[in-house]
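Ligands are counted one by one from 1 in listed order, and the atoms in each one are counted from 1 as well.
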Amino acid sequence: MKYHKIPDETIRRLPIYLRGLLLSSEQGRQSISSRNLADFVGVNSWQIRKDFSYFGDFGTRGVGYNVEKLTKQIKKILKLDAAPKVALVGVGNLGSAVLAYPAFRICGFDIAAAFDINPKKIGKKINNIVVEDASKLRTLKKRRINLAIITVPRDAAQQTADALVKAGVRGILNFSPCYIVVPKKVKVITIDIAMDLARLPYYMPAS
Ligand code: ATP
């Protein structure tokens with residue numbers, strides 16, 4: 001079953017719902033109302049009901065949503081059900097912090113490889129992952145790793161992306177503060193915390 005008609009905005013919220021559902025499951029809940037989930041994740045309950053209506057009816061009036069079923073369905077839509085393997089390139093300060101970030105596991109990600117060009121870092125173990133020489137990026141295809149995180153400096157980001165694409169990577173989370181160009185078949189999401197901070201003062205009420 002394909003879910004072509006799910007809007008991007010809904011897809012953006014699905015991981016947030018997933019986290020809420022996983023946490024409520026940890027607390028022993030088997031069902032959850034849209035209102036409870038709304039309180040949990042900070043999204044309006046009508047928005048939640050609308051988002052879920054795109055992929056089926058999981059709610060029972062008066063009982064709420066079945067946590068297990070809904071969790072499975074969201075994981076399936078996001079293609080998270082197979083514990084996707086991820087590679088990280090650039091094990092500097094930011095890269096090391098990302099490697100140690102525990103929340104990736106909540107969504108089922110397995111950070112399976114890390115690469116760098118610095119000989120002092122290659123061979124070192126960081127968060128249980130041995131840093132490999134970046135010249136070995138081409139091994140990713142054979143290892144069935146098609147997701148990657150880029151944490152190299154700006155001037156190395158494009159060449160890193162090119163090497164990743166050549167190695168079969170189809171999804172890139174880019175932390176380098178720059179725009180990178182990739183073929184259409186590859187999806188890039190750039191996270192630039194400085195740019196996010198830069199738009200925050202605009203929204204601040206005058207004191
Ligand atoms: P450090 O000073 O420990 O290197 P840093 O976070 O200040 O940390 P950056 O200059 O931001 O370092 O670089 C991040 C990491 O990216 C470094 O570990 C660097 O060796 C690595 N790096 C730089 N160019 C490449 C590249 N082309 N491929 C892979 N890794 C790279």
Electrostatic pair Arg13:Asp51 at N-O distance under 4.0 angstrom
yes
Sub-4.0 Å heavy-atom contact, Pro153 with ligand 1:
yes
Any non-hydrogen atom of Asp155 lying under 4.0 Å from ligand 1?
no
Measure from the side-chain N and O atoms of Ser25 to the backbone N and O of Leu21, and report whether any donor-acceptor pair falls under 3.5 Å.
no
Any idea which atoms of ligand 1 are less than 4.0 Å away from a heavy-atom of Val152?
16 (O), 25 (C), 29 (C), 30 (N), 31 (C)
Within ligand 1, which atoms have a heavy atom of Asn118 less than 4.0 Å away?
20 (O)
Which heavy atom in Ile145 sits nearest to a heavy atom in Ala87, and how many Å separate them?
CG2-N, 3.6 Å
Should one rank Lys121, Glu132, Gln159 by closest heavy-atom distance to atom 4 (O) of ligand 1, which comes out on top?
Lys121
Flag, side chain of Arg144 to backbone of Lys141, donor-acceptor distance under 3.5 Å:
no
When you measure from atom 12 (O) of ligand 1 to each heavy atom in Ala134, Ala163, Gly92, which option holds the nearest one?
Gly92
Nearest candidate to atom 20 (O) of ligand 1, where distance is taken over non-hydrogen atoms, out of Leu94, Leu137, Asp116, Thr151
Asp116
Closest non-hydrogen contact found for Gly95 with Leu88 is O-CD1, 3.8 Å
From CG (Leu80) to CG (Leu18), nearest 0.5 Å:
6.5 Å
Strictly inside 4.0 angstrom of atom 2 (O) of ligand 1, do you find any protein heavy atom?
no
Identify which of Leu88, Asn93, Val89 has a heavy atom lying nearest to atom 6 (O) of ligand 1.
Asn93
Would Lys75 and Glu68 pass as an ion pair if we require N to O under 4.0 Å?
no
Looking only at non-hydrogen atoms, the one of Asp133, Val91, Ile117 nearest atom 24 (N) of ligand 1 is Ile117
Run the side-chain hydrogen bond (donor to acceptor under 3.5 Å, both in side chains) test on Ser176 and Arg154 for me, step by step, so that the C-alpha distance in whole Å, both residues' side-chain angles and the decisive distance to 0.1 Å come before the verdict.
CA-CA 5 Å; Ser176 291; Arg154 182 210 304 259; over 6 Å; no
For atom 16 (O) of ligand 1, closest protein heavy-atom neighbour
Gly90 CA, 3.4 Å
Show which atoms of ligand 1 fall inside a sub-4.0 Å distance from at least one heavy-atom site of Ala156.
24 (N), 27 (N)
